[in-house]
Amino acid sequence: MARGAYAPARICAAVPEGVDAVADAALIGAPLVDVVRDGGKVVGFRGVAAFGRPVRGISHHLAFVPDYYGKWNKLDELRHWTEAGAVTLRVAATFPAERAADAHRLLEAGGTRGRIVIEF
């Protein structure tokens, strides 16, 4: 079982009453619907079909990243939330640009928890 597959159980343990919304950046899909409160929201990044038919008033949304190109106010809002501690980011490793090949090898190996960042 992939590490991401444990996310729904961990979310339920931490927030038994359910969460208002979840963004599926790990491509977990339908199991995440179980952690969302009635009337909540689920956002997918590679298609909402992975979440199945809407249930319990939960709305499904697709975030297509290229749609946000040039919308710097959205990125600034995300930065604000991150700096305020409302959104936390998990970074597995950071590499300078000249070690980009090492970053790609780590990504290809799989099993990494968090994002791999290449600094330019």
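Numbers here are sequence positions counted from 1.
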CA sep, side-chain torsions, deciding dist, call: Thr112, Leu107, side chain to side chain contact (heavy atoms under 4.5 Å, CB included) | CA-CA 7 Å; Thr112 304; Leu107 180 64; 6.0 Å; no
Does Lys41 reach the side chain of Ser59, with side-chain heavy atoms less than 4.5 Å apart?
-> yes
Of all heavy-atom pairs between Ala103 and Ile116, which one has the smallest distance, and what is that distance?
-> CB-CG2, 3.7 Å
Under 3.5 Å donor-acceptor, Arg115 side chain and Ala93 backbone = no
How is the hydrophobic cluster of Phe120 composed, in terms of its other members, when Ile, Leu, Val, Met, Phe, Trp and Tyr link through side-chain heavy atoms under 4.5 Å apart, directly or indirectly?
-> Ile118
Arg99 side, atom CZ; Thr94 side, atom OG1 - distance, nearest 0.5 Å | 10.5 Å
Quick one: do Ile58 and Val42 satisfy side chain to side chain contact (heavy atoms under 4.5 Å, CB included)? Show the steps, please.
-> CA-CA 7 Å; Ile58 296 172; Val42 177; 3.7 Å; yes
If we only count heavy atoms from C-beta on, is the Val35 to Cys12 side-chain gap below 4.5 Å?
-> yes
Are Val43 and Val22 close enough, and set up right, to give a side chain to side chain contact (heavy atoms under 4.5 Å, CB included), and what steps lead you there?
-> CA-CA 6 Å; Val43 179; Val22 65; over 6 Å; no
Looking only at non-hydrogen atoms, find the nearest pair between Asp24 and Ile28 and report the distance.
-> OD1-N, 2.7 Å
Taking a hydrophobic cluster as the set of Ile, Leu, Val, Met, Phe, Trp and Tyr residues connected by side-chain heavy atoms closer than 4.5 Å, whether directly or through intermediates, do Leu75 and Trp81 fall within one such cluster?
-> no
Ion pair present between Asp20 and Arg37, side-chain N to carboxylate O less than 4.0 angstrom?
-> yes
Are a donor atom and an acceptor atom from the side chains of Thr82 and His80 found within less than 3.5 Å of each other?
-> no
Under the side-chain hydrogen bond (donor to acceptor under 3.5 Å, both in side chains) rule, what pairs show up with a residue in residues 69-78, not counting sequence neighbours?
-> Asp76-Arg79
Criterion side chain to side chain contact (heavy atoms under 4.5 Å, CB included) on Ile11 and Leu32, from CA distance to verdict = CA-CA 9 Å; Ile11 294 169; Leu32 283 176; 4.1 Å; yes
4.5 Å side-chain heavy-atom contact, Val117 and Phe95 | no
